[in-house]
Novice: 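Input: one structure, supplied below.
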Protein chains: 2
Amino acid sequence: MKFEIPKEIERELQKKGGWSNIKKRLPADEIKQVEKVMKVLSYETRLRILYAMAEQRMCVCMLTELTKCSYSKCSYHLSKLKDAGLIKATRKGNYLVYSLTPFGRSIVRHFKKYKPEVKK
Amino acid sequence: MKFEIPKEIERELQKKGGWSNIKKRLPADEIKQVEKVMKVLSYETRLRILYAMAEQRMCVCMLTELTKCSYSKCSYHLSKLKDAGLIKATRKGNYLVYSLTPFGRSIVRHFKKYKPEVKK
DNA sequence: ACAGCATTTCAAAAAAAGTTGAAATGGAAA
DNA sequence: TTTCCATTTCAACTTTTTTTGAAATGCTGT
């Protein structure tokens, strides 16, 4: 199909250096990074973990209780959160204690501030 | 497996009203809403659309060019963005012109401010 | 070195999300 | 009212993500 921009929008584009300029300015790297973070946060279990950790650092056994998931399932989700730079782990004796990174914290704060409004 | 909280963490929990309190305070509705938004933003094509729209409202034919997607594919992704309250459409003659909602705009702004750092 | 515990890893199976192209829709112009 | 054009919808298919349970890892105390 042919590519034709409506007049009204064409005019707006002129002021911004044209269509090709808009396309060129897309921050490809940032978008890839954001995609990864979003993928990780697009799952209820992982969000529950994130929100709970905003209140309190936790070991995995607490998270299995909180999320009603098996260890292996929890572990899977924790590794996703970790790879995205949202949480970090430190060992305390036999336990691994997970807590939020500053970046993870900033996300929770954002959504407390800007509550989404989603179609039911 | 039995559920046992390490001493050090147990002490932290006391100050916060205990483990059950942490669990009770989880904002279940907010989490469900955020999950939906995140799911929508966890896909490169849709993020490209979002970022481009932060610069300029657009009709679908422009988006097919920007994303190198067929109309039907574009349409599928647009409907997800719309359901999440990130974009809205208005008709101009034969064209449907899509643009960001304030919520959509707030998301783009957030990620421009807090750049994620993801493991490669 | 061994046993016990908390947690992770693995591979196969199940579930969810994205893609495709053809057909349907709905406004605008003839 | 018919045709045209931009866009959406549908159902079958493909790809990606999650779940499962069994086996591996790696501290810690004995």
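Within every chain, numbering begins at 1; the chains are lettered A, B, ... in the order of the sequence lines, protein sequences first and strands thereafter.
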Novice: For D:dT19, take OP1 and OP2 only and decide whether either is under 4.0 Å from a side-chain N or O of A:Tyr71.
Specialist: no

Novice: With DNA chain C as reference, determine whether A:Ser79 or A:Asn94 sits nearer its 5' end, using the nearest nucleotide of each.
Specialist: A:Asn94

Novice: Looking at A:Ser42, is its backbone amide N or carbonyl O close enough to the side chain of B:Lys39 to form a donor-acceptor pair, meaning the two atoms are under 3.5 Å apart?
Specialist: yes

Novice: Output yes when at least one side-chain N/O atom of A:Lys73 is less than 4.0 Å from OP1 or OP2 of D:dT20, else no.
Specialist: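 Answer yes for this pair, as a side-chain N or O of A:Lys73 is under 4.0 Å from OP1 or OP2.
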
Novice: Once you round to the nearest 0.5 Å, how far does CD1 of A:Ile87 lie from CG of A:Leu50?
Specialist: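 Answer for the CD1-CG pair, A:Ile87 versus A:Leu50, is 8.0 Å.
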
Novice: Please report the distance, rounded to the nearest Å, between CE in A:Met58 and P in C:dA6.
Specialist: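 One finds 17 Å between P of C:dA6 and CE of A:Met58, rounded.
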
Novice: Any side-chain to backbone donor/acceptor pair from B:Lys16 onto A:Glu55? Under 3.5 Å, distance only.
Specialist: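 Yes; judged by distance alone, with no hydrogens or angles, the pair exists.
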
Novice: In this structure, how many angstroms lie between the C1' atom of C:dA16 and the CE atom of B:Met38, rounded?
Specialist: 19 Å

Novice: Quick one: A:Tyr95 OH to C:dG4 C1', roughly how many Å, whole number?
Specialist: 12 Å

Novice: If I take atom CD in residue A:Glu44 and atom C1' in nucleotide C:dA16, what distance separates them, rounded to the nearest angstrom?
Specialist: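 Going from A:Glu44 (CD) to C:dA16 (C1'), I get 15 Å.
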
Novice: Tell me what B:Cys59 touches on the nucleic acid: a base, only sugar-phosphate, or nothing, going by heavy atoms under 4.0 Å.
Specialist: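 Sugar-phosphate contact only.
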
Novice: Within the side chain of A:Thr101, is there an N or O that forms a donor-acceptor pair under 3.5 Å with the backbone of A:Leu86?
Specialist: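 Checked: pair present.
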
Novice: Take A:Arg46 and A:Arg91, find for each the nucleotide of DNA chain D with the closest heavy atom, and name the residue whose nucleotide sits nearer the 5' end.
Specialist: A:Arg46

Novice: Say you draw a straight line from CG of A:Asn21 to CD of B:Gln56; how long is it, rounded to the nearest 0.5 Å?
Specialist: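 One gets 11.5 Å once the value is rounded to the nearest 0.5 Å.
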
Novice: Using a cut-off of less than 4.0 Å, is there contact between a side-chain N or O of A:His77 and OP1 or OP2 of D:dT17?
Specialist: no

Novice: Phosphate oxygens OP1/OP2 of D:dT18: is one of them under 4.0 Å from a side-chain N or O of A:Lys80?
Specialist: yes

Novice: Figure out the CD/C1' separation between B:Glu4 and C:dT7, and round it to whole Å.
Specialist: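 For the pair B:Glu4 CD and C:dT7 C1', the rounded distance is 15 Å.
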
Novice: Where the side chain of A:Tyr76 is defined as all heavy atoms beyond and including C-beta, which of D:dC27, C:dT8, D:dT19 is the nearest nucleotide?
Specialist: D:dT19

Novice: How many whole angstroms separate atom CG of A:Leu96 from atom P of C:dC5?
Specialist: 17 Å

Novice: Expressed in angstrom and rounded to an integer, what is the separation of B:Lys39 atom NZ from C:dA15 atom C1'?
Specialist: 12 Å

Novice: Given D:dT15, is OP1 or OP2 found less than 4.0 Å from the side-chain N or O atoms of B:Tyr43?
Specialist: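 Checking D:dT15 against B:Tyr43, no side-chain N or O comes under 4.0 Å of OP1 or OP2.
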
Novice: How long is the line joining NZ of A:Lys92 and P of C:dT7, in whole Å?
Specialist: 14 Å

